[in-house]
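Below, chain A is the first sequence line, B the second, and so on; all start at residue 1.
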Amino acid sequence: MPEKPYDHHQIELKWFERWRGADLYRAEENSAKPKFYVLEMLPYPSGTLHIGHIRNYSIGDALARYKWMRGFNVLHPMGWDAFGLPAENAAIANKRPPREWTLENIAAMKKTHRRFAFSYDWDREVSTCEPEYYRWNQWFFLKMLERGLAYRKKALVNWCPKCATVLANEQVVEGCCWRHEDTPVEQRALEQWFLKITAYADQLLEDMKQLEGGWPERVLTMQRNWIGRSEGAEIDFQLQEPGAGGQGPGTPIRVFTTRVDTIYGATCVILAPEHPLVAKLLDDAGQARAKAMVDARAGRDPGDIEKDGFFSGHYAVNPYSGERVPIWIANFVLMGYGTGAIMAVPAHDERDFEFCRKYGITVRPVIRPVDGKLAQEPGMQEAFTDYGIVENSGPWSGLPSEEARRKMAAYAKEHGFGEAAITYRIKDWGISRQRYWGTPIPVIHCPKCGVVPVPEEQLPVVLPDRIEITGTGRSPLENVPEFVNVTCPKCGGAAKRETDTMDTFIDSSWYFYRYTDPHNGKMPFDPAKVAYWFEIDQYIGGVEHAILHLIYSRFFTKMMRDIGLVRNSEPAQRLFTQGMVIAEGAKMSKSKGNVVGADMLAEKFGADTARMFILFAGPPEKEIDWRTEGAEGIYRFLGRVYRFVTRNVGQVSSATGASDRKVLRKLHQALRKITEDFETRWHFNTCIASIMELINVLYAEEGNIGAAAMEEVVEKLALMLAPFAPYLSQEIWEELGKEGSVFRQCWPTYDPELAKEDLAEIVVQVNGKLRSRIYLPFGTPTQELEAGALADEKARTFLEGKHVVKVITVPDKLVNVVVR
RNA sequence: GCGGAGGUGGCGGAAUUGGCAGACGCACUAGCUUGAGGUGCUAGCGGGAGCAAUCUCGUGGGGGUUCAAGUCCCCCUCUCCGCACCA
């Protein structure tokens with residue numbers, strides 16, 4: 001057969017057309033050990049965009065193909081997008097989300113959502129922006145409402161002026177919106193819907209033990225910090241004198257502390273400027289001062305703010321010692337954590353120390369280091385924050401900190417002025433959004449009945465078609481009377497529909513469950529089907545979701561378990577976080593304008609090259625810097641493969657077969673490497689390198705390869721290339737005269753014997769330095785290795801006149817002669 | 001400040017269990033092919049010395065363990081990521 005040029009465009013279009021609608025990957029529930037792979041996509045409208053997507057596709061798709069060829073069940077939600085269509089896909093990928101929320105742009109956006117931005121699968125038809133998906137989001141919402149897991153309250157919330165919507169705490173990055181990294185988030189008090197993720201805080205933390213080993217340590221640490229459990233006690237200090245606003249003596253001021261054992265060292269009580277007592281105790285001037293403090297803090301890096309405070313004029317009583325201490329207001333006490341009030345123990349807390357020194361408040365040490373002396377005031381340079389022995393603390397003196405903490409908390413409970421308490425940093429998930437898109441929250445506000453859930457049979461509540469984008473910060477849905485004006489399902493009177501929509505992270509919290517049963521009209525999914533597939537064996541996604549999607553979906557799983565839908569407590573046993581795509585040292589984002597098109601690459605060199613280039617750029621857990629210079633090398637390589645195959649297949653060969661052994665050895669070595677890498681490390685860059693080495697050998701030995709060896713090499717080459725370059729592999733498969741899909745074939749097995757070298761290369765070292773190599777059969781006994789090395793001519797020049805002290809041998813590998 | 005991951009040629013990276021540092025690719029150089037450009041093919045390519053064989057230095061810096069260290073231990077340094085007045 002004459003050599004053919006590698007026309008990637010023609011090959012890829014041809015197979016794309018033939019594959020369209022075919023069923024390459026349908027999961028079959030026929031295996032004893034089902035395997036379930038989900039590839040995570042970045043949700044719209046993340047900054048990393050489509051290059052990140054292609055990376056996802058490339059990594060996950062290569063894995064899925066391999067697993068499939070190994071006979072595993074694979075549920076592959078990316079569907080056809082995963083093939084990286086040469087032109088069409090590139091065109092879709094290029095339609096990035098519009099900046100202006102005009103109707104036209106939204107219509108365009110919805111198109112791209114379906115195929116690309118949201119997890120959508122041609123085969124399984126799970127698209128999170130369809131009414132059918134809204135239905136089940138709303139169904140879950142109603143279930144949570146029933147159980148008190150969804151509630152509405154007025155709260156200070158994060159507000160992004162650019163998005164003109166509320167954001168969850170998880171979506172605030174360094175005080176700015178996760179979508180607009182240069183826009184500080186404002187705090188606004190609004191009526192909002194929340195999901196009670198805090199009810200699961202303990203379980204989310206506890207169940208992480210199951211994930212250890214399967215999830216990256218980094219992600220687990222981030223989640224642990226985010227949940228921020230801390231054990232301590234809540235203690236009531238009593239307000240002493242009658243205060244303004246009729247607060248009488250004895251009014252409790254509850255503080256949270258992790259160190260009750262230090263309470264005899266408490267020299268003042270400090271309230272957050274937003275604390276409710278501030279309004280009651282302070283006069284107008286004082287309240288204004290507190291307000292100014294709150295404003296000064298907004299949008300600033302906490303580390304840059306100097307500690308600042310003032311005396312309230314009031315006093316509180318320490319319930320343990322009976323001591324009267326001043327009440328202060330200070331900017332470093334946060335209303336959002338604990339009780340919004342603290343007892344300051346300057347001797348044993350760095351922040352309190354700094355604050356009290358600034359304002360001349362007493363510093364009184366009450367904890368002595370286990371093997372040291374109690375610090376003396378004056379003269380303390382810094383707070384002693386470790387555990388130690390309690391001193392000067394009445395009946396508690398002499399106890400170790402740990403014991404004192406326990407006993408003192410129990411004492412507080414006994415006497416009714418406090419109790420042991422656990423505080424979490426994580427807050428409930430605010431899900432209200434004032435955007436056009438997203439699932440409408442299915443409730444109705446009735447002037448008579450209050451908040452009334454939409455009856456289940458009326459679901460889904462869908463978005464109206466014609467809307468006007470207001471950008472005013474109120475939901476555009478408010479201006480659509482036919483959407484807003486409804487009758488109350490309870491009393492039949494006039495009522496208003498809720499206009500907030502749900503955070504789109506709701507969608508991604510359970511989409512992968514729907515993949516197991518995408519057409520179910522009665523439930524989100526059949527629990528039996530989910531029980532068959534779940535837990536997910538391997539989930540793949542970006543690190544950037546460590547505390548967004550990955551915590552929400554864990555919460556959803558637990559919630560679904562509690563309403564009897566699933567049996568598993570965790571969604572995925574193993575998590576692989578692939579590295580981000582970086583451009584010029586910065587994370588790609590449209591606001592930075594540094595998004596480079598993968599479409600250019602796909603158009604110029606084809607989808608196979610684009611995918612393989614991304615896989616070759618580095619190991620998948622690492623970030624990759626997006627530079628396309630190396631792409632030509634991959635394209636060249638694929639061309640070499642194709643030309644080699646076309647000019648050698650179907651040829652009447654007169655070759656001697658002198659190189660058969662060499663070629664087959666390289667083949668089986670490459671196969672071994674790829675098989676092992678797919679099973680363990682997923683370092684596809686080295687897999688591809690090994691195929692390149694094989695091709696280099698094939699070129700060098702071309703003409704000396706016998707017909708049988710050639711046949712084996714070329715066939716296996718097509719199979720081992722299939723996870724990386726699907727179109728080319730299929731084309732080669734056809735060139736070989738084989739029937740059907742290359743992906744329906746079994747993954748080729750390697751022969752360890754053929755992969756072995758004939759002779760072991762023994763490195764000969766003298767004093768640890770490489771001096772020579774000798775070649776001996778595998779399994780040569782130690783003495784013979786030694787003898788061989790000492791007899792070697794090159795080695796001997798380094799041994800001459802020296803005294804051999806010691807010889808170290810590693811079988812089949814190395815001899816090190818130590819001389820003096 | 002706390003927690004995590006890192007630092008290997010001009011570049012991306014390889015070295016999986018302490019055993020040949022730099023696989024594979026890019027860029028670069030030379031040769032062949034060609035009317036020319038491109039493509040393709042062949043070869044070279046860490047620094048220093050040498051015509052060469054070869055020698056020598058070399059994995060951020062310093063020390064240690066070992067016959068042997070990119071890999072293990074200690075100290076330092078720099079970079080990236082996450083968290084951060086969380087009581």
Side-chain angles (χ1 to χ4, degrees), chain A residues 3 5 173-174 216-226 228-230 232 255-259 262 270 272 297 301-307 330-334 336-345 348-352 354-355 385 423-425 543-544 546-547 579-580 582 585 587 613 616-619 621-625 627-634 636-637 639-640 643 673 676-677 680-681 683 685-693 695-696 699-700 761-773 794 797 805-810 813-819:
Chain A
E3 178 182 303
V173 181
E174 287 171 14
E217 199 46 51
R218 179 166 51 147
V219 172
L220 294 178
T221 309
M222 281 165 76
Q223 291 208 0
R224 236 174 249 126
N225 290 344
W226 187 258
R229 182 191 145 104
S230 67
V255 302
F256 175 76
T257 176
T258 53
R259 294 294 302 273
T262 64
I270 310 178
R297 198 162 60 184
D301 184 351
D304 297 346
I305 301 172
E306 203 197 330
K307 286 187 178 52
N331 62 349
F332 73 97
V333 177
L334 306 174
Y337 183 77
T339 60
I342 64 160
M343 60 176 202
V345 185
H348 304 293
D349 182 283
E350 283 171 22
R351 292 153 301 172
D352 296 348
E354 186 189 336
F355 183 78
T385 58
T423 301
Y424 296 94
R425 207 184 72 104
V543 224
E544 61 274 25
I547 47 165
M580 289 188 300
I582 303 291
K587 179 176 158 185
F613 170 61
F616 189 63
E621 67 274 15
K622 233 189 122 166
E623 288 176 347
I624 58 171
D625 202 351
R627 32 179 63 248
T628 53
E629 287 93 51
E632 281 173 48
I634 299 290
R636 227 174 345 241
F637 164 72
R640 271 161 76 85
R643 289 192 307 275
K673 166 121 194 89
E676 283 169 0
D677 263 0
T680 55
R681 312 190 301 168
H683 281 195
N685 52 335
T686 57
C687 293
I688 293 167
S690 72
I691 303 178
M692 287 173 169
E693 284 182 56
I695 292 299
N696 290 345
Y699 265 71
E761 187 187 57
I762 312 293
V763 171
V764 180
Q765 296 179 339
V766 177
N767 285 345
K769 287 190 176 164
L770 171 72
R771 294 305 180 190
S772 179
R773 301 148 205 271
K794 274 194 208 158
T797 60
V805 181
K806 199 174 174 189
V807 181
I808 286 132
T809 53
V810 181
K813 266 193 175 164
L814 156 147
V815 178
N816 188 11
V817 184
V818 186
V819 296

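B/C74 and B/G9 have their C1' atoms separated by 29 Å, given to the nearest Å. Taking the P atoms as reference points, B/C78 lies 16 Å from B/G60, given to the whole Å. Taking the C1' atoms as reference points, B/A52 lies 38 Å from B/A36, given to the whole Å. Nucleotides B/G38 and B/C28 place their P atoms 11 Å apart, quoted to the nearest Å. B/G62 and B/G50 have their P atoms separated by 27 Å, with the value rounded to a whole Å. Comparing B/A53 with B/A5, their C1' atoms are spaced 45 Å from each other, to the whole Å. Comparing the C1' positions of B/U66 and B/C73 gives a spacing of 12 Å, expressed to the nearest Å. One C1' atom belongs to B/G13, the other to B/G22, and the distance between them is 10 Å to the nearest Å.
Remark: A/Arg425 is in phosphate contact with B/A84, judged by side-chain N or O atoms under 4.0 Å from OP1 or OP2. At the phosphate of B/C57, OP1 or OP2 sits under 4.0 Å from a side-chain N or O atom of A/Lys769. In this model, the phosphate group of B/A87 is approached by a side-chain N or O of A/Ser230 to a distance below 4.0 Å at OP1 or OP2. A sub-4.0 Å separation between OP1 or OP2 of B/C55 and a side-chain N or O of A/Arg771 is present. OP1 or OP2 of B/A14 has at least one side-chain nitrogen or oxygen of A/Asn685 nearer than 4.0 Å. Remark: A/Asn696 is in phosphate contact with B/G25, judged by side-chain N or O atoms under 4.0 Å from OP1 or OP2. Between B/A27 and A/Arg636, a contact under 4.0 Å exists linking OP1 or OP2 to a side-chain N or O. A sub-4.0 Å separation between OP1 or OP2 of B/C20 and a side-chain N or O of A/Lys813 is absent. Taking only side-chain nitrogens and oxygens, A/Arg351 comes nearer than 4.0 Å to OP1 or OP2 of B/C86. When the side-chain nitrogen and oxygen atoms of A/Arg218 are compared with OP1 and OP2 of B/C80, none of them lie within a distance under 4.0 Å. Side-chain nitrogen and oxygen atoms of A/Arg643 include at least one within less than 4.0 Å of the OP1 or OP2 phosphate oxygen of B/C41.
Two residues, A/Phe332 and A/Arg640, neighbour RNA chain B, and the one matched to the more 5' nucleotide by heavy-atom proximity is A/Arg640. Closest-nucleotide positions on RNA chain B for A/Lys622 and A/Gly340 were compared, and the one nearer the 5' end corresponds to A/Lys622.
Of the candidates B/A87, B/A14, B/G25, the closest approach to any side-chain atom of A/Pro619 belongs to B/A14. Comparing B/C20, B/A14, B/C67 by their nearest atom to the side chain of A/Leu770 picks out B/C20. In the set B/C26, B/C67, B/A15, the nucleotide with an atom closest to the side chain of A/Val818 is B/C67. In the set B/A87, B/G12, B/A15, the nucleotide with an atom closest to the side chain of A/Phe616 is B/G12. The nucleotide whose nearest atom lies closest to any side-chain atom of A/Arg681 is, among B/C24, B/C85, B/U16, B/U16.
In this structure, CD1 of A/Ile691 is placed 19 Å from P of B/A23, rounded to the nearest angstrom. For the pair A/Leu814 CG and B/A21 P, the interatomic distance rounds to 10 Å; values are reported in whole Å. Across the protein-nucleic acid pair, A/Ile688 atom CD1 and B/G12 atom C1' stand 13 Å apart, rounded to whole Å. One atom, OH of A/Tyr337, and another, C1' of B/C83, lie 14 Å apart when rounded to the nearest Å. Per the geometry, CD belonging to A/Glu693 stands 12 Å off P belonging to B/A15, to the nearest Å. The CD1-C1' distance, from A/Ile634 to B/G13, rounds to 12 Å in whole Å. Rounded to an integer number of Å, the gap from A/Phe637 CZ to B/C26 P is 11 Å. Regarding A/Phe613, its CZ atom lies at a distance of 11 Å from the P atom of B/C26, rounded to whole Å.
Between the base of B/C67 and the side chain of A/Lys806 there is no donor-acceptor pair shorter than 3.5 Å. On a pure distance criterion of 3.5 Å, a polar donor-acceptor pair joins the side chain of A/Arg773 and the base of B/C20. A donor-acceptor contact under 3.5 angstrom links the side-chain atoms of A/Asn816 to the base of B/C67. One can find a donor-acceptor pair under 3.5 Å joining the base of B/C20 and the side-chain atoms of A/Glu761.
Using modelled atom types, one finds a donor on one side chain and an acceptor on the other under 3.5 Å when comparing A/Arg640 with A/Asn696.
Atom-to-atom distance recorded for A/Arg224:CZ and A/Arg229:CZ is 12.5 Å, nearest 0.5 angstrom. Note that CD1 of A/Ile762 is 12.0 Å distant from CZ of A/Arg773, once rounded to the nearest 0.5 Å. The line from CD1 of A/Ile688 to CZ of A/Phe616 is 7.0 Å long, rounded to the nearest 0.5 Å. Interatomic distance, A/Thr686 OG1 to A/Ile691 CD1, rounded to the nearest 0.5 Å: 10.0 Å.
Residue A/Val810 is in base contact, counting any heavy-atom pair closer than 4.0 Å across all strands shown. The residue A/Lys307 sits close to a base: some heavy atom pair falls under 4.0 Å. When heavy atoms are screened at a 4.0 angstrom cut-off, A/Val345 is found touching no nucleic acid atom at all. A/Gly633 comes within 4.0 angstrom of sugar-phosphate atoms only, judged by non-hydrogen atoms across all strands, and of no base. At a threshold of 4.0 angstrom between heavy atoms, the contacts of A/Gln765 include nucleobase atoms, whether or not backbone atoms are also involved. Note on A/Tyr699: only backbone sugar-phosphate atoms sit closer than 4.0 angstrom, heavy atoms only; bases stay farther off.
Using a 4.5 Å heavy-atom cutoff, the side chains of A/Ile342 and A/Phe332 are in contact. The shortest distance between side-chain heavy atoms of A/Met343 and A/Thr257 falls below 4.5 Å. Put simply, the side chain of A/Arg771 does not reach to within 4.5 Å of the side chain of A/Thr797, judged on heavy atoms.
In this entry the base of B/G9 is syn relative to its sugar, with a glycosidic angle within 90° of 0.
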Practice item. Take A/Leu814 and A/Thr809 through the side chain to side chain contact (heavy atoms under 4.5 Å, CB included) test and state the conclusion after the steps. Key: CA-CA 6 Å; A/Leu814 156 147; A/Thr809 53; over 6 Å; no
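Using N1 to N3 plus N6-O4 or O6-N4 for Watson-Crick, or N1-O2 and O6-N3 for G-U wobble, each under 3.5 Å, B/U54 pairs with B/A49. Pairing for B/G1 goes to B/C83, judged as Watson-Crick or G-U wobble with the two contacts each under 3.5 Å. Under the Watson-Crick or G-U wobble criterion, with both distances below 3.5 Å, B/U42 is paired with B/A30. Partner assigned to B/A14 is none, using Watson-Crick or G-U wobble distances below 3.5 angstrom.
Residues A/Ile634 and A/Met692 share a closest heavy-atom pair of CD1-CE, 3.8 Å.
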